[in-house]
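Taking it in order: structure first as structure tokens, then the write-up.
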Amino acid sequence: LLLLVHLAMALTWEGIWALIGRLWREARWARGVPALAALAFWLAALPSPRPERLAEARGQTRGQARDIVLITLDTFRADLYPDYTPTLVELSERGRRYTQAVTTAPLTAPAHASMLSGLEVREHGLLANGRQLKVGSVVEDLHAAGYTTGAFLGAQVLDRHTGLGAGFDHYDDRWGLVQRMDWHPLISWLALEGRGHQRAGVKVIERALSWRSEQHGPTFTWIHLYDAHAPYGQPLGHGPTAEEIEGAREADQTALSRRDGMQSLVEFLNSARPNEQTLRYRAGGRYVDHLVGTVFDGLSGQELVVVVGDHGESLTEHDYDFNHGRRLYEPSLHVPLLVLHPELQAETVEALAGVTQVADWLRWGAGVGEQPSALTQLRVYTTGQQAHGTAIRPRDRRLEHTRAAALRLDGAKLLLHPDRASGQWFDLRVDPWELDPQPVPEVLLDELEELRAMVSDKPAGLDEEQRRRLEALGYVE
């Protein structure tokens with residue numbers, strides 16, 4: 001009965017065959033044989049899940065249209081390149097790398113909505129994690145152009161409730177009722193590796209490449225890798241060595257011994273071992289870089305591939321410890337962006353770029369659009385939402401329910417944070433760490449007023465279901 005309940009709630013050919021494989025591999029004959037018999041009955045009665053349009057598209061040969069692959073790296077700072085990203089370094093020698101690429105929001109769902117819509121946050125309406133996209137996306141254009149489209153996600157924060165699944169033939173976000181019922185061991189087992197609120201990158205890639213190999217026409221595959229996100233783990237074979245961890249802990253202990261007074265101790269503990277945490281985050285970035293190499297091992301080299309970060313992570317810069325979402329400084333906004341295509345020459349582009357350009361690259365790869373135009377500016381917005389963790393020191397609790405906005409220009413930034421009502425201007429070419437704010441130039445006063453309007457218009461809050469899903473992932477508002 002539980003098996004049939006599972007099939008009824010997650011009835012896909014992929015899920016059925018995965019369950020058959022699990023029954024077979026684990027040789028659970030006493031329970032497996034009756035289950036296999038039940039599955040045979042279900043398979044005989046099920047209609048084909050493939051509509052005629054898709055069958056026609058899959059009948060095309062790969063040579064008629066190039067496959068497209070989008071790889072998004074969650075919580076991936078641009079300055080991990082090059083020391084922790086040997087794969088991206090190698091790929092940059094074959095593609096176009098943007099050194100000044102910026103996200104539209106330091107939050108996962110809004111940033112991905114900008115990638116797929118080509119719009120800034122206030123334009124597409126998905127203002128924070130847990131909310132919904134208000135416009136269409138490039139995926140629908142690819143679908144109409146005959147592409148079979150599949151998305152493979154590393155975290156529930158991008159599930160179909162966001163509206164990002166529009167246009168996808170297969171949206172791999174298996175975080176439904178069965179996963180929420182995993183208090184029962186049998187149901188937990190039936191849910192397979194898709195249970196929980198996030199999935200290991202190696203599983204995401206395995207599922208994506210398997211799906212892609214089964215298609216017969218041009219495909220668009222989106223692969224989302226969440227492994228660099230907090231809490232920072234210890235990726236097998238890619239984590240820091242025992243000696244590195246011991247050295248970081250000694251450095252943290254030395255810093256602690258030099259602090260005076262209880263307040264300093266509280267602040268230090270709140271930063272949660274800064275040297276060790278930074279070491280572990282960078283190890284996670286190195287592991288994600290390795291996963292990108294795994295994806296490329298499964299490609300032919302004839303595809304259009306876009307590799308892009310959705311946002312970065314603050315590693316104690318500006319008193320914001322190991323988190324993202326509330327502040328709009330460069331550690332949270334500056335992301336890697338790399339485009340590979342057989343017709344693109346390898347080059348490094350130092351002009352301003354943004355995640356909004358991803359949609360144009362995808363259209364261009366499908367032959368239904370032009371290459372992205374150069375950016376002159378990009379507006380950034382955040383609702384003040386953030387993931388759980390060590391971030392926001394006690395003295396900064398006033399920022400928890402505020403919004404911020406920024407205007408990113410080529411080599412400069414106009415920033416309006418709630419604790420800086422007059423706005424700040426940074427020349428990033430001479431002050432890349434944003435330590436020396438300057439008065440706002442008179443020619444940008446109108447833009448500053450636009451930023452004030454953005455932060456004064458408070459969006460509607462989350463409903464209880466949205467809040468529950470976000471809290472399960474550790475996001476708070």
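The first residue of the sequence shown is numbered 1, and numbering continues consecutively from there.
Separation of the H324 and H229 ring centroids falls under the 6.0 Å cut-off. A ring-centre distance under 6.0 Å is found for W211 and F152. Checked against the 6.0 Å centroid criterion, the rings of H341 and W361 do not qualify as a close aromatic pair. Aromatic rings of Y147 and F220 (six-membered ring for Trp) have centroids beyond the 6.0 Å cut-off, not under it.
A cation-pi geometry, defined here as NZ or CZ lying under 6.0 Å from the six-membered ring centre and within 45° of its normal, does not hold between R286 and Y84. Judged by the 6.0 Å and 45° rule, R282 forms no cation-pi pair with Y287.
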Step-by-step side chain to side chain donor-acceptor pair (under 3.5 Å) determination, T149 to H170:
CA-CA 6 Å; T149 52; H170 180 77; over 6 Å; no
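There is a side-chain donor-acceptor pair under 3.5 Å between D310 and T108. Q302 and D67 form no side-chain donor-acceptor contact under 3.5 Å, judged by distance and modelled atom types alone. Side chains of D169 and T148: no donor on one and acceptor on the other come within 3.5 Å.
Rounded to the nearest 0.5 Å, atoms CG (L73) and CG (D289) are 8.5 Å apart. The CG atom of L362 sits 10.5 Å away from the CE atom of M115 when rounded to the nearest 0.5 Å.
V139 is listed as a side-chain neighbour of L116, based on a closest heavy-atom distance under 4.5 Å. With contacts defined as side-chain heavy-atom distances shorter than 4.5 Å, the pair E120/Y381 does not qualify.
Enclosure of atom CD in E140 by more than 12 non-hydrogen atoms of other residues, nucleotides or ligands within 6.0 angstrom is indicated. Open room surrounds CD on E370; 12 or fewer heavy atoms of other groups in view lie less than 6.0 Å from it.
Classified by interplanar angle (parallel below 30°, tilted 30° to 60°, perpendicular above 60°), the ring pair Y329/H417 is tilted.
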